[in-house]
Amino acid sequence: SPLAAAVNRAETSALQKEIARMLDEIACRIDMLEQRLRGVDPLWPDVDTDEIRALADEFTFLKKWRQLLLAAQTLLLGG
């Protein structure tokens, strides 16, 4: 029905905006991690291994979320 189609378009549009907002947030957090990594790099090899492990874990987490959000974005766009 036309009403159902209109509601679906509105919901899809809202989801696309939310996914775009989350992707922007993830990009900002990845930038911050890269800055932290650049700050740690000159200290090598006298770097706390826990700090390196935490950075690696957060990079992995954020990149996985980015991958999932990009896949959801593709599906919403009909791909």
Side-chain angles (χ1 to χ4, degrees):
S1 81
L3 179 58
V7 168
N8 187 37
R9 279 192 301 275
E11 289 175 351
T12 299
S13 177
L15 283 172
Q16 288 172 337
K17 288 177 184 174
E18 182 63 12
I19 288 171
R21 185 196 64 75
M22 291 189 305
L23 285 169
D24 287 344
E25 177 66 25
I26 287 172
C28 288
R29 291 191 59 189
I30 288 173
D31 286 345
M32 289 187 321
L33 284 176
E34 288 172 348
Q35 289 175 10
R36 284 176 46 202
L37 187 58
R38 282 191 291 274
V40 168
D41 190 44
L43 304 174
W44 188 261
D46 300 320
V47 178
D48 180 15
T49 55
D50 289 337
E51 184 174 0
I52 296 295
R53 188 174 301 113
L55 283 168
D57 289 347
E58 194 164 354
F59 269 115
T60 300
F61 176 81
L62 291 173
K63 289 185 177 204
K64 180 65 176 175
W65 266 105
R66 182 176 61 186
Q67 178 184 6
L68 292 170
L69 288 168
L70 289 171
Q73 189 176 52
T74 299
L75 286 173
L76 283 174
L77 295 174

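Hydrogens, waters and symmetry mates play no part in the numbers below; they use all other heavy atoms, side chains included.
- Residues passing the salt bridge (Lys or Arg N to Asp or Glu O under 4.0 Å) test with Arg38, sequence neighbours excluded: none.
- Within the 4.5 Å cutoff, no side-chain heavy atoms of Thr60 are placed close to those of Lys64.
- Under a hydrophobic clustering in which Ile, Leu, Val, Met, Phe, Trp and Tyr are joined whenever their side-chain heavy atoms come within less than 4.5 Å, directly or via other members, Leu76 and Trp65 fall into the same cluster.
- Taking Asp41 as the reference, nothing meets the side chain to side chain donor-acceptor pair (under 3.5 Å) condition, with sequence neighbours excluded.
- No chain of hydrophobic side-chain contacts below 4.5 Å, direct or via other Ile, Leu, Val, Met, Phe, Trp or Tyr residues, connects Leu68 to Phe61.
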For side chain to side chain contact (heavy atoms under 4.5 Å, CB included), just list the numbers for Leu70 and Arg66, CA-CA rounded to whole Å, side-chain angles, deciding distance to a tenth of an Å, and then say yes or no. CA-CA 6 Å; Leu70 289 171; Arg66 182 176 61 186; 4.0 Å; yes
Tell me which donor-acceptor pairs under 3.5 Å the side chains of residues 5-33 have, and how far apart each pair is, sequence neighbours excluded?
| unit_1 | atom_1 | unit_2 | atom_2 | d |
| --- | --- | --- | --- | --- |
| Thr12 | OG1 | Asn8 | O | 2.9 |
| Glu18 | OE1 | Arg21 | NE | 3.2 |
| Glu18 | OE2 | Arg21 | NE | 3.4 |
| Glu18 | OE2 | Arg21 | NH2 | 2.6 |
| Arg29 | NH2 | Glu58 | OE2 | 2.8 |

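- Leu43 and Ile52 fall within a single hydrophobic cluster, where Ile, Leu, Val, Met, Phe, Trp and Tyr side chains are chained together by heavy-atom contacts under 4.5 Å.
- For the atom pair CZ of Arg53 and CG of Leu55, the computed distance is 11.5 Å after rounding to the nearest 0.5 Å.
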